[in-house]
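Right, one structure below, let's go through it.
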Amino acid sequence: MTELLTIEKVTVRFDGLVALRDVSLAVEDGTVLGVIGPNGAGKTTLFNVVSGFVRPAHGTIRWRGEELRDHRPDSLARLGISRTLQGLGLFPGMSVLDNVLVGAGPLARCGPLATLLGLRRAARDEAALRDRAMTTLADLGIAGVHAALPGSLPYGIRKRVALARALVAEPRMLLLDEPASGLAADEIAELGERITALAGKCAVVVVEHNIDWVMRVCSRIVVLDFGEVIATGEPSDVQNDQRVIDAYLGVPA
Amino acid sequence: MNTWWTLTVGGFASGAVYAALGLSLVIIFRATRVVNFAQPALALLSTYFAFTVNQVTGTYWLGFAVAIVAGAVLGALSDRLLIRPARAHGELGSVIVTLGLLLVVQAVAGMLWTSEPRSFGYAFDFRGLFSAANVFAVLVVLVTAAGVLLLFKFTSLGLRMRAAAFAPEAAALAGVRVGLMVTAGTALAAAVGALAGLLAVPPLLYPTVLDGIFVYSLTAAVIGGLDNPIGTVIAGFGTGIGLSYVSGYLGPELVTLAALAILVVVLSVRPHGLFGRGLARRV
């Protein structure tokens, strides 16, 4: 298995507060990595530092062997990394299809100039992206609502729209920030199956509070506590790790 | 009947101007989700550039083109140099900066070109009840509105601009260069604002010439829903006609009051404007 993402000894500080301390981890192609830990353990900060929203004080982040230095969030999608945000982060005044089309933007081969000039290849390009967006919506079972505004849809469906927007560009790695929060039990189970199926095509990193679900869906787990990695391994190893039990699980699962 | 007809046609003509400046407010709101009070200031500066080019070269259309390009450049500069640094301190910060810019630009325009009214010509013959110049203004507004609608609704550039304004973080993660989109939106809005200035100013140009027009355009844009180019154009013409009745039947001194009254009534009945869809505002 090839390593897609390699994080080495990354430290992040906010005004003297250490959010991440010497965190190292690797994401291998085709695997599902779960990142768990109590609130404030640094899970979302980890995503933010990979996404380029936050700069590490020191440490390196490598994507497919190449170091990401001063990378910007808007360059991430072109590298092949997609991320969903905690909550939804949908564009409220835009239809479901338009939301997903924005996510398909990095696949566009024609610039805005070609579009404004009304060139034929720009029209073909746009039509291809539209098809791709509709296919992605259909894969997630929500093609029927493509014309709706997100605000008019139930939370579970909106969550799927956010996932569609992240998937439409066919990423090599998908970062999911609390994808199961706010979902009903059957939706959570379905999401698990979907992620397992995705793992054939891309690597998935999941930050989630629902421990039982994470243990079932993920092939590896990283446990953060106070910004430090306190355990790494397969779900069964992590579940039985005494430090993890003390820090987070409270009672043996 | 004759008075009524004169007032209606005259109101329709001035409504075109309100619609044009209203459109520039819609563009900037769509691109930044902030109401930009510097809009008339940039339009004013652009029109003064047109005035100077007219005087030097003697051709109206060269000044016209210069004003629109100048509007776009001034818009981009105001975003990069002033509004963006202020945005870091929240939405209110950037609104206040745009207000400040309005005052500074008016003062600077007075220093450079004096506060004396300068004569500024029409694009076409302005004589008659509904003159060639009026026809031109209406056509310009309709074409601009159609362009804005097409841009935001049917092009990926427009989609990205709106996405960047609605949810900057999510847009960036989807590969949208948020800062670039905001600057492009501000530039486009200022270019349309310059166009509105060119239509609104004749016959006389002076530093506060656009103040009243800005109030009426803001009324039109808010009634139109701020997010809706077609609604704003309809509201712009409606405001023009309505205020023309007020001016003709009740007296010109009541026009500003009437505009504010319309604004208050519409907003209390429909807080998102007559044509707005009631989007959640960013918190």
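Computation of the quantities below employed the complete heavy-atom set of this structure, encompassing side-chain atoms and omitting hydrogens, waters and symmetry-equivalent molecules. Since we're looking at a predicted model, the values are computed, not measured.
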Under 4.5 Å from a heavy atom of chain B, the part of L90(A) involved: backbone
At what distance, to the nearest 0.5 angstrom, does [atom1] of [X] lie from [atom2] of [Y]?
X: L159(B); Y: S95(A); atom1: CG; atom2: OG; answer: 8.0 Å
X: F152(B); Y: D98(A); atom1: CZ; atom2: CG; answer: 13.0 Å
X: L129(A); Y: S156(B); atom1: CG; atom2: OG; answer: 7.5 Å
X: E126(A); Y: T155(B); atom1: CD; atom2: OG1; answer: 7.0 Å

Check: V102(A) main-chain N/O paired with R160(B) side-chain donor or acceptor under 3.5 Å: no
Kindly check if the number of other-residue, nucleotide or ligand heavy atoms within 6.0 Å of [atom1] ([X]) is above 12?
X: R194(A); atom1: CZ; value: yes
X: I230(B); atom1: CD1; value: no
X: R13(A); atom1: CZ; value: no

Interface residues of residues 68-75 of chain B facing chain A - heavy atom cut-off under 4.5 Å: none
Residue pair A167(B) / G89(A): nearest heavy atoms and the distance that separates them: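 Answer, listing the atom of A167(B) first, then G89(A): CB-O, 4.1 Å.
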Nearest heavy atoms of A174(B) and G103(A), plus distance in Å: CB-CA, 3.9 Å
Residues of residues 80-88 of chain A contacting chain B, heavy-atom criterion under 4.5 Å, by residue number: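 Listed by number: R83(A), L85(A).
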Criterion side-chain contact (heavy atoms from CB on, under 4.5 Å) on E169(B) and F53(A), from CA distance to verdict: CA-CA 9 Å; E169(B) 284 199 345; F53(A) 283 119; 4.0 Å; yes
Heavy-atom side-chain proximity of R162(B) to F91(A) below 4.5 angstrom: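 Sidechains of F91(A) and R162(B): no contact.
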